Novice: 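For reference, the structure I am asking about is given below.
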Amino acid sequence: MYKTHSCGELRKSDVGKTITLAGWVHRYRDHGGVYFVDLRDRFGLTQVVINPEESKDLAQIVSEIRNEFVLQIEGQVNARPPEAVNPNMDTGEIEVHAAKITVLNTCKPLPFSINKEENTDESIRLKYRFLDLRRERMQKNIILRHKIIKYMRDYLDEKGFLEIETPIMFKTTPEGARDYLVPSRIYPGQFYALPQSPQQLKQLLQVAGMEKYFQIARCFRDEDQRGDRQPEFTQLDMEMSFVERDDILDLLEDLFTKMSKAVTPHKRILYEPWPKLTYQEAMDRFGKDAPDMRFGMELVDISDIAKNCGFSVFVNAIADGGSVRGINAKGLANYTRRQIDELTEQVRLWGAKGLAYIKISETGEESSTFRKFLNDDDWAGILKKMDAEKGDLLLFVADSNLSVVYDSLARLRVMLGERLGLRDNDVLAFCWIVDFPLFEWSEDEKRWDATHHPFTRPKKEDMALLETDPGKVRGDQYDMVLNNYELASGSIRIHERALQEKVFDLIGLPREVARERFHQIMDAFEYGAPPHGGIAPGVDRYVMILAEEPNIREVIAFPKNNAARDMMSGAPSEAMENQLRDLHLRVVMPEAKKEE
RNA sequence: GGGGGCGUGGUGUAGCGGUUUAACAUGCGGCCCUGUCAAGGCCGAGAUCGCGGGUUCAAAUCCCGUCGCUCCCGCCA
């Protein structure tokens with residue numbers, strides 16, 4: 001071994017020991033006659049003291065040392081003089097007096113500093129990811145991620161789950177997201193697909209009698225990126241047999257509550273047990289099915305008053321089948337006209353036609369663009385319904401399209417919650433959203449579409465509606481939500497061939513196509529498939545939230561950039577001619593690029 | 001596929017028509033310094049202002065195009 005101790009473990013009780021450390025030069029301070037090196041490894045920092053006058057070798061090495069050199073240091077652990085103790089360091093009571101220093105490797109000047117937090121263009125960080133990962137922030141995130149995955153494995157093992165790997169090369173299922181394809185050399189013109197999730201495989205494992213399955217599963221989706229999306233990402237994929245919805249919810253709630261407390265003990269879980277909201281309730285109260293429940297400012301429906309009031313914007317929206325709803329931004333009555341105009345501009349970008357407001361100043365003075373259109377009763381009715389007090393700013397969106405009202409107010413609510421400091425990173429507000437509609441009408445394709453996926457089981461009490469009113473059927477489906485993010489989605493599955501076929505029929509999937517894509521699972525249903533269900537929490541997203549990072553790239557060791565490129569290796573890159581030949585492929589560039 | 005933002009020494013920023021031989025911090029190189037821990041002091045090197053074109057007497061600065069990065073919409077069963 002190159003070292004007897006890590007750089008994070010020496011304490012006062014080790015004083016007098018002769019030890020060897022190895023690590024990187026985090027910082028050095030040359031005082032002429034005395035020289036300090038903060039030596040870093042993954043476990044911490046230790047101050048090394050060097051007296052160059054003690055030997056020629058030491059003097060020589062001290063003149064050469066630079067940041068991020070890799071050193072091995074032999075020496076004695078000394079107590080620091082009382083006035084030199086550093087209470088900010090774990091090892092701050094001691095220092096190592098160097099007797100011998102070996103330079104294990106040198107380091108060129110760095111493209112960005114590792115020993116302090118500074119904003120660096122992300123493309124440079126990603127290009128030099130091996131250096132970026134040395135930084136404290138990244139080390140913390142990677143360690144947190146490890147702890148979370150270890151907790152998941154230990155917990156599920158304890159509960160009798162089996163971790164089972166499923167193939168990365170599988171079959172394309174051109175439902176949902178775009179697949180990544182892998183060309184077959186042996187079968188010209190045929191392709192494997194990388195799994196968007198191991199959905200069918202984990203259901204087949206239930207037919208196989210595994211009963212409790214989990215996997216830290218890599219999933220692949222060829223869609224454009226976002227801050228919380230990557231072309232490949234990791235899910236805690238789970239599936240269980242002989243379970244009902246609440247068996248799964250209870251288990252996951254217990255896991256995520258205990259795990260959050262274990263890995264981030266300083267954070268507070270706001271609700272125990274977690275609230276369960278129906279999809280409809282979540283929409284009505286928060287305008288979205290992944291609400292931030294750390295704060296109130298809930299949506300209020302004032303349509304009943306607005307439909308007959310004197311303000312034509314409101315009246316017309318409702319007459320056209322829409323709705324008028326508002327939020328009460330407590331304490332924002334000091335917003336100027338200009339600031340409200342900015343909010344209006346913002347909701348326009350989200351699809352709303354405008355933003356009506358009522359301001360009630362601290363002195364009780366009421367002002368609004370639409371006061372003059374309303375009689376006193378309607379005015380008072382709205383104020384009462386909105387729970388308006390002095391200092392409040394009430395904001396309303398009216399639209400003939402209810403989803404525009406929901407969406408714009410939901411976003412406005414989160415934006416104002418952020419401004420008002422109501423989104424405390426030390427608070428974790430978990431909740432469950434249940435009873436989603438099973439189908440939604442696709443206007444583009446003039447047919448019903450599965451909102452989750454076509455394997456979701458209709459709720460027992462809604463089974464009859466499959467024949468009469470598919471839009472009213474609720475699925476036995478559930479989402480785990482944390483602080484404005486959908487963390488997991490799952491459902492009880494269909495396990496009978498006849499019911500599965502009925503659902504495929506309803507979403508307009510021809511029998512022969514269903515057979516080609518899903519024959520393995522359809523066949524399996526006829527061989528004693530047990531009732532089963534599952535869920536798949538997003539690991540990257542969960543780590544991101546706990547680490548308080550703005551995007552999941554910060555919690556992935558080697559992520560791709562916004563354009564799905566690996567900035568370090570340059571992937572994707574062109575294939576060699578012989579590779580293409582082996583795979584029976586020819587590259588046809590898009591029209592615009594052909595001329596180059 | 002569409003829209004917004006950004007691009008200035010290694011890094012982060014300022015400058016946004018002439019007052020700039022492009023500034024500041026940090027990093028880098030050298031010298032000084034025996035107790036620092038974001039050490040300090042002095043000196044120095046380092047940028048044809050992403051690239052191409054245009055407007056102008058004059059462009060880092062204005063316009064057009066292009067490339068790169070980034071955020072958002074579409075997309076993500």
Side-chain angles (χ1 to χ4, degrees), chain A residues 26-40 45-54 63 66-68 78 80-89 91-92 95 97 107-128 131-132 173-179 196-197 199-200 219-231 233 345-346 349-351 407 411 436 438-440 442 444-445 448-456 475 477 486 489 491 503-504 507 509 517-518 538 550-551 553 561-565 567 590 592 596:
Chain A
H26 191 62
R27 250 190 280 276
Y28 59 92
R29 294 174 290 281
D30 184 355
H31 286 251
V34 64
Y35 190 100
F36 300 98
V37 170
D38 291 341
L39 196 69
R40 184 194 74 237
L45 283 175
T46 299
Q47 174 164 288
V48 177
V49 187
I50 305 161
N51 286 315
E53 286 149 22
E54 285 177 14
S63 69
R66 295 295 179 269
N67 281 337
E68 298 303 313
N78 288 342
R80 294 200 194 187
E83 69 278 8
V85 165
N86 186 342
N88 299 320
M89 284 173 85
T91 59
E95 61 194 8
H97 184 94
C107 181
K108 297 205 291 187
L110 297 159
F112 50 82
S113 57
I114 286 166
N115 59 21
K116 71 173 165 222
E117 285 300 321
E118 60 180 12
N119 289 334
T120 303
D121 191 274
E122 202 181 343
S123 56
I124 295 164
R125 290 177 51 206
L126 290 176
K127 182 175 174 191
Y128 295 97
L131 294 179
D132 192 36
T173 51
E175 204 75 33
R178 208 173 289 117
D179 283 322
Q196 297 180 23
S197 79
Q199 180 62 35
Q200 289 187 64
C219 305
F220 305 86
R221 293 181 191 174
D222 187 3
E223 296 294 346
D224 287 340
Q225 308 310 300
R226 287 290 185 282
D228 57 353
R229 269 193 244 156
Q230 280 273 299
F233 59 97
E345 209 42 53
Q346 191 60 59
L349 292 174
W350 297 327
D407 185 52
R411 290 167 184 261
F436 286 76
L438 191 59
F439 304 108
E440 60 192 345
S442 167
D444 289 349
E445 303 179 52
W448 293 102
D449 220 346
T451 53
H452 183 46
H453 56 56
F455 309 110
T456 301
Q477 182 196 335
E486 177 194 310
S489 200
S491 63
V503 168
F504 282 147
I507 62 175
L509 194 68
R517 285 182 201 166
F518 304 118
N551 66 64
R553 295 190 295 273
N561 77 358
N562 231 35
R565 187 176 288 287
M567 302 288 282
E596 289 170 14

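As the structure is a computational prediction, the values presented were derived from the model and not from experiment. The sequence lines fix the lettering, A, B, ..., with proteins before strands; numbering per chain opens at 1. Keep in mind that the numbers below use all heavy atoms, side chains included, and drop hydrogens, waters and symmetry copies.
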Novice: Does B/rC76 have OP1 or OP2 sitting under 4.0 Å from an N or O in the side chain of A/R178?
Specialist: no

Novice: Would A/H31 count as stacking on B/rG35 if stacking means ring centres less than 5.5 angstrom apart and planes tilted under 30 degrees?
Specialist: no

Novice: Both A/P111 and A/S123 contact RNA chain B. Which one's nearest nucleotide lies toward the 5' end?
Specialist: A/P111

Novice: Phosphate oxygens OP1/OP2 of B/rU70: is one of them under 4.0 Å from a side-chain N or O of A/N561?
Specialist: yes

Novice: Categorize A/R553 for me: base, sugar-phosphate, or nothing, with a 4.0 angstrom heavy-atom threshold over every strand shown.
Specialist: sugar-phosphate

Novice: Would you say the side chain of A/N86 and the base of B/rC37 hold a donor-acceptor pair, judged only by whether the two atoms sit under 3.5 Å apart?
Specialist: yes

Novice: Start with the C-alpha distance between A/L45 and A/R27, add both sets of side-chain angles, then the distance that settles side chain to side chain contact (heavy atoms under 4.5 Å, CB included), and finish with yes or no.
Specialist: CA-CA 10 Å; A/L45 283 175; A/R27 250 190 280 276; 5.7 Å; no

Novice: Closest approach to the side chain of A/R66, judged atom by atom: which nucleotide of B/rG29, B/rU36, B/rC69 is it?
Specialist: B/rG29

Novice: For A/F112 and for A/D224, find the nucleotide of RNA chain B with the closest heavy atom, then tell me which residue's nucleotide is more 5'.
Specialist: A/F112

Novice: Below the 4.0 Å mark, does B/rA38 have OP1 or OP2 next to a side-chain nitrogen or oxygen of A/N115?
Specialist: no

Novice: Should the pair A/R29-A/D38 be classified as a salt bridge under the 4.0 Å nitrogen-to-oxygen rule?
Specialist: yes

Novice: Answer yes or no: is there a side-chain heavy-atom contact under 4.5 Å between A/E68 and A/N115?
Specialist: no

